[in-house]
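A, B, ... follow the sequence lines: proteins, then strands. Residue 1 opens every chain.
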Protein chains: 2
Amino acid sequence: MKQAVTLKDLARELNIATSTVSRALKGNPEISAVTTARVQKLAKELNYEPNALALSLRHSKTNTIGVILPELVHFFFSTVISGIEDIAYSNGYNIIICQSNENIDREILDTKALFNHRVDGILACVSRNTSVYDHFIAIQDKGIPIVFFDRDVPIDASKILSNDFEGGYNATKHLIESGKINLIHLSGPEGLMLSEQRTRGFIQAHQDLGIPFNKEKILRCGDGDAQENYKIIQNTLKKGMKFDGIFAVNDIAAVGALQALQAAHISVPQEVAIVGYSDWQFSSFISPRLTTIRQNGNEMGRKATELLLEEIHSKDIFIEPKCITLPTKIILRETTLNK
Amino acid sequence: MKQAVTLKDLARELNIATSTVSRALKGNPEISAVTTARVQKLAKELNYEPNALALSLRHSKTNTIGVILPELVHFFFSTVISGIEDIAYSNGYNIIICQSNENIDREILDTKALFNHRVDGILACVSRNTSVYDHFIAIQDKGIPIVFFDRDVPIDASKILSNDFEGGYNATKHLIESGKINLIHLSGPEGLMLSEQRTRGFIQAHQDLGIPFNKEKILRCGDGDAQENYKIIQNTLKKGMKFDGIFAVNDIAAVGALQALQAAHISVPQEVAIVGYSDWQFSSFISPRLTTIRQNGNEMGRKATELLLEEIHSKDIFIEPKCITLPTKIILRETTLNK
DNA sequence: TATAATAATGCAATCGATTACGATAATAAA
DNA sequence: TTTATTATCGTAATCGATTGCATTATTATA
C-alpha cells in the first residue's frame, strides 16, 4: 500500500532534520533561503500534505465544529447548515454533521463521538423527545462550548432561537384579519418548546384581537406527517366541527390538511384558509401555493456559528451565554385570502 | 479551562505507569485483578474517554468515512446518507459529510480536507460540472479507496449507479402505453452522464415501440429549477408546439412544467401527462400527485458503503473495482393515465 | 588573535495512547 | 539453597508534526 508522505520522508531524502523541514515549509526566516527552497521544491514534488491528526493532537485543537441535528432532509435544517458552513469555512473550520433522527440514544452517541474526536465546539438542535440533558452537560464540563439552535433547552448556554411565538401570533393574526375567525390549530408535540410557543402565539392573537378561544380549537398531532394530519382533519370534518381557517405547526401538516379539505371538496382559501410554518421547498410548488411563516435558517446557522467561534477563541475567560431570538416573516401565498 | 482526562492523569493519581492503565482499561489479563479494578473505578469516576485523535494517529486509522455530495437538501441524497449511516455506524465507522454545492472548487477543497483528516475512505458523488478528476486520482494515489455513487465518472474505481437508462426508458414506455405518443423531454445538463442516460432511454423507447422521434422533442434545461422549466413549457406552448406527454429529468422540473400547464388551463393528465424522476418528498403531496421514477437511495448508500469497507479492510491486496447498477421503479400516480 | 555575535540547523520533549520488550519480585521446581 | 518460571508492571519507542533549547559554523568586533 502507498503511504502518505511525512515530514520524516522529506527529511530523510534531503538528509536534514525534520525540525528544519517543518520550519522551511512555513518560511521560517531562521532557515537559509537555499534550504527552504530545496525543501519546498521536494514537498511539492512528492505532494506533501500535513497530517491534520498529528497537528490536532499537538495543538489540542482540531479546527472542527460538530453539528448535531434531528434530520438533514428538512429544508429548514439544510439552510441552517449552509449558514454554518459559510461562517465555519471562512474561518478555517471544518464541520462534522450528525443526524440524531429525532432519537435520544443516537443523540447521546453523537455527543460522545464528537467529544472523542475532540471537536473544538458543538452546535446542537436537540431531538424532539430529549428530556434529559446530561450528555450535553458532560460535554460542557469537559470544556467544550456548545451553542444550541432552533429548539430551546433548559441548559445554561448560548442559544439562537426563532421567535416562534411571534410566528404563531402573526400567522393567526393574518388569518383573523383576512376574515377568518373560527380557526383551528394543528399543534406540534407536547414538551417541544418551539411548538408550544407557536401555540401560545395562536392563543394570544385570539385574545388581542378579541376573538373567542377555547381549547377544542387545538388539535394535537404527534409526529406531524402529512398522512396523520390528513386523518385528523378528515375526522374533524366528520364530527361536524365548523372552522374556516387552519394554522398548522409546519408545512407538512398543512399539506395533509389541505389534501383532506380538497378530498372533501372544500375550497381553499375561500371556505377554509391555511397557514403553514417553515416555508419548505415544496410550499411554493403545490397548488394552491401555501402561505407560511419563514424562518431565516441561514441567518440562524451563521449567528450560531459566530457565537460558537467566539466562545472557542476565548476558552480561558468566562463568557456570559447569550440568547438571540431571530424574527420570522410571513410569506403570503394562495392558501389564504390576502386583502 | 477544564481539561479532558488523559491516561496520564489516571496513572499519576494511582501512581502507576500509563501502560498499566491502558492495559487495565481493556482488561488485559497481564494486569492483576486488583489493579484493573482500581483503574476502571477511577476511570469511571473521572469520566475518562480515550482521545480518538491519539488513537487514530497511533493506528493510522481514523475509522471515519468521508462523504462528498452535491447538496444535502435533495431528498434522494438524504436517503443515500441514511443508507451510508446504517452500514457505517453498525461497523464502527463515523462519517464526515461535505457539500460541494455543485461547485468544483469546493469539491477539490473537500477532497483535500478529507485527506488531511486521514479518512479511511471516501464516498463521492461528483458535482455536476466536474470534468477534471485529478483531485480524486491524487487521493487514490495516496492509498485511500474511493467509491463513487449516483453519477458516473471516467475513473478506475468501484461505482454504484442507478439504471438511468432503464428509468428513462420505462418512464417513456409508460407514457406511450397510456396512449401518449407525442412526447417532449425536459432533459438535464449536457455532459452529466446520468441525464444523458435518461435521455437515451427516452429515445430508445420511441424506437422500440415504433413511435417517431426527432430532436426537437428534447428541450434542454440547465439547472433545472421549477421556475426555469415553467418558462420553457410556457414558451413551447406559445410557439404552438403540440404534445401530450412530458418526461422530465427530475421532479422539480416536472412541477415547473405542471404549473405552466395549469396556468394555461391544460388538464393533467387528460390533455398532457407528466412523469418526473427521483420521487422527491413533495411529489406525493402535490396535486395532482406526480408519477415518477423512484431510485433506491438507501440501497445505493448501503451498497456503496459496503463496497468501500471491503476495500478499506483489504488495503494490501488489490481489489478489482466493481460497478453495480441498481434498478429503478416507476411510481404510478395521478399525472399519468394508468390503464 | 581571542572573543562575541550571528546565522543555520539539530536534539529532544511534547500531544495521548499503544505495545514490544525488559525488569522486578514472588513462587515453584530442582 | 539455587535456579527456573510466572505474574505483574514499567521503560521506551512509536504515530506526525511542532518548538524551546542547545550546538555548531561562520563572521564581526575588540
Report task. Take B:His117 and B:Thr64 through the test side-chain contact (heavy atoms from CB on, under 4.5 Å) and record every step on the way to the result. Result -> CA-CA 9 Å; B:His117 278 280; B:Thr64 300; over 6 Å; no
Report summary line: Rounded to whole Å, CG of A:Leu53 lies from P of C:dA17 at a distance of 14 Å
**Report entry** Gap between atoms CG and P, on A:Asp9 and D:dA17 respectively (whole Å)
**Finding:** 8 Å
Report summary line: Atom CZ of A:Phe115 and atom P of C:dG16 are separated, to the nearest Å, by 11 Å
Report task. Using atom NZ of A:Lys26 as one end and atom C1' of D:dA17 as the other, report the distance to the nearest whole Å. Result -> 8 Å
Requested in this report: Answer yes or no for A:Arg118 and A:Phe115: cation-pi contact, defined as NZ/CZ to six-membered ring centre under 6.0 Å and angle to ring axis within 45°.
Outcome: yes
Please table the atom pairs, donor to acceptor, closer than 3.5 Å between any side-chain atom in residues 6-17 of chain B and protein atoms at least two apart or in another chain.
{"unit_1": "B:Thr6", "atom_1": "OG1", "unit_2": "B:Lys8", "atom_2": "N", "d": "3.2"}
{"unit_1": "B:Thr6", "atom_1": "OG1", "unit_2": "B:Asp9", "atom_2": "N", "d": "3.3"}
{"unit_1": "B:Thr6", "atom_1": "OG1", "unit_2": "B:Asp9", "atom_2": "OD2", "d": "3.3"}
{"unit_1": "B:Asp9", "atom_1": "OD1", "unit_2": "B:Arg12", "atom_2": "NH2", "d": "3.3"}
{"unit_1": "B:Asp9", "atom_1": "OD2", "unit_2": "B:Thr6", "atom_2": "N", "d": "2.9"}

Report summary line: Taken to the nearest whole Å, CG/A:Asn116 to C1'/C:dA17 is 13 Å
Query raised in the report: Which part of the nucleic acid, if any, lies within reach of B:Lys61 when heavy atoms closer than 4.0 Å are counted: base, sugar-phosphate only, or nothing?
Result: nothing
Report summary line: Tightest non-hydrogen contact, residues A:Glu102 and A:Asn129, listed as O-OD1, 3.1 Å
Report summary line: A correct 5'-to-3' footprint of nucleotides 6-15 of chain C, with B, S and - meaning base, sugar-phosphate only and no protein heavy atom under 4.0 Å, is --BBBB--BB
Report all side-chain donor-acceptor pairs from residues 76-84 of chain A shorter than 3.5 Å, counting only partners two or more places apart or in another chain.
{"unit_1": "A:Ser78", "atom_1": "OG", "unit_2": "A:Phe75", "atom_2": "O", "d": "2.8"}
{"unit_1": "A:Thr79", "atom_1": "OG1", "unit_2": "A:Phe76", "atom_2": "O", "d": "2.5"}
{"unit_1": "A:Ser82", "atom_1": "OG", "unit_2": "A:Ser78", "atom_2": "O", "d": "3.3"}

Query raised in the report: Between B:Lys303 and B:Glu299, is the closest basic N to carboxylate O distance under 4.0 Å?
Result: yes
**Report entry** Rounded interatomic separation in angstrom, taking CG from B:Asn28 and C1' from C:dA17
**Finding:** 14 Å
